[in-house]
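Okay, so here's the structure we're looking at.
If you're wondering where the values come from, they're calculated on a predicted model, not measured in any experiment.
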Amino acid sequence: MKKIILALFVALLFSGVKTSSAQGADPEKVFKYSIKESKLNDYLAERKWKKIETRIDEDGEEYLLYRVKSFGGGYLYLAIYPGKFVHYQKFNSEKRDYSPIMTYDDFCITPQGQTTEEYSITNEKLFIKNIHLTDHEDTENENVFYGQLPHPDKAD
């Protein structure tokens, strides 16, 4: 009887892990798939993300916007600038619209640093940057940015 209960507990635990990871989308994978939109769409469709539309930011750059409901009842958004960066925005319990936090230029010039709730880290060898920001009004809401910095040797 103990083995059956233990087996059920393990199965339940792993099904919960699969469910929670299915909602989220790994920003690194999303970034890698962003180069080929068909692969990106397949990856996100498996995780139940819905493509909203292609939008233009304040700098005139196009980005792809996807959405899924969060477990808290709000929305999760993925704004994808192909080959540049990914913005993962989570509203835990509110059904807010997507709001751009920064453009690609802002992403590139954000300095490195870390506090207890936020960080900006750059891998200087790979030219990869990762930024995590929380919403100070509701710490359940968060913004994660992941992307490629321009290589100095390949500057225009």
Problem set entry | Backbone N/O of G74 and side chain of N92: donor-acceptor pair under 3.5 Å |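 It does not hold such a pair.
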
To the closest 0.5 Å, what do you measure between [atom1] ([X]) and [atom2] ([Y])?
{"X": "E37", "Y": "L44", "atom1": "CD", "atom2": "CG", "value": "10.0 Å"}
{"X": "F71", "Y": "L76", "atom1": "CZ", "atom2": "CG", "value": "8.5 Å"}
{"X": "Q114", "Y": "H132", "atom1": "CD", "atom2": "NE2", "value": "11.0 Å"}
{"X": "L78", "Y": "K90", "atom1": "CG", "atom2": "NZ", "value": "13.5 Å"}
{"X": "E124", "Y": "Q112", "atom1": "CD", "atom2": "CD", "value": "5.5 Å"}
{"X": "N41", "Y": "K36", "atom1": "CG", "atom2": "NZ", "value": "12.0 Å"}

For this session: Could you identify which residues cluster with I52, counting Ile, Leu, Val, Met, Phe, Trp and Tyr as linked when any side-chain heavy atoms lie under 4.5 Å apart, either directly or through a chain of such contacts?
Result: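 Under the 4.5 Å side-chain rule, I52 groups with Y63, L65, Y75, Y77, Y81, F85, F91, Y98, I101, M102, Y104, F107, F127, I131, L133, F145, L149.
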
Exercise. Which other residues end up in the same hydrophobic cluster as I121, if Ile, Leu, Val, Met, Phe, Trp and Tyr are linked when side-chain heavy atoms come under 4.5 Å apart?
Worked result: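 Answer for I121: Y119.
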
For this session: Applying side chain to side chain contact (heavy atoms under 4.5 Å, CB included), name anything that partners E28, two or more places apart in sequence or on another chain.
Result: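 By the side chain to side chain contact (heavy atoms under 4.5 Å, CB included) rule, E28 matches D26, K32, Y146.
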
For this session: Under the side chain to side chain contact (heavy atoms under 4.5 Å, CB included) rule, collect the residues that match up with K50, sequence neighbours excluded.
Result: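 Result, side chain to side chain contact (heavy atoms under 4.5 Å, CB included) vs K50: none returned.
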
Exercise. Applying the side-chain contact (heavy atoms from CB on, under 4.5 Å) test to Y33, which of L40, I80, V86, D42 qualifies?
Worked result: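 Only one of L40, I80, V86, D42 forms a side-chain contact (heavy atoms from CB on, under 4.5 Å) with Y33, namely L40.
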
Any non-hydrogen side-chain atom of [X] less than 4.5 Å from a side-chain atom of [Y]?
{"X": "S99", "Y": "Q89", "answer": "yes"}
{"X": "T110", "Y": "S120", "answer": "yes"}
{"X": "K69", "Y": "K48", "answer": "no"}

Problem set entry | Set of residues satisfying side chain to side chain donor-acceptor pair (under 3.5 Å) with respect to T103, sequence neighbours excluded |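 D59, D106.
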
For this session: For E62, check side chain to side chain donor-acceptor pair (under 3.5 Å) against everything at least two apart and list the hits.
Result: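 With neighbours one apart ignored, the set is empty.
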
For this session: Might you point out which heavy atoms bring S34 and G83 nearest each other, and give the distance in Å?
Result: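 Taking S34 first and G83 second, the nearest heavy atoms are OG-N, 3.1 Å.
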
For this session: Could you tell me which non-hydrogen atom of L126 sits nearest to which non-hydrogen atom of Q148, and how far apart they are?
Result: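 Smallest interatomic distance, heavy atoms only, reads O-NE2, 3.2 Å.
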
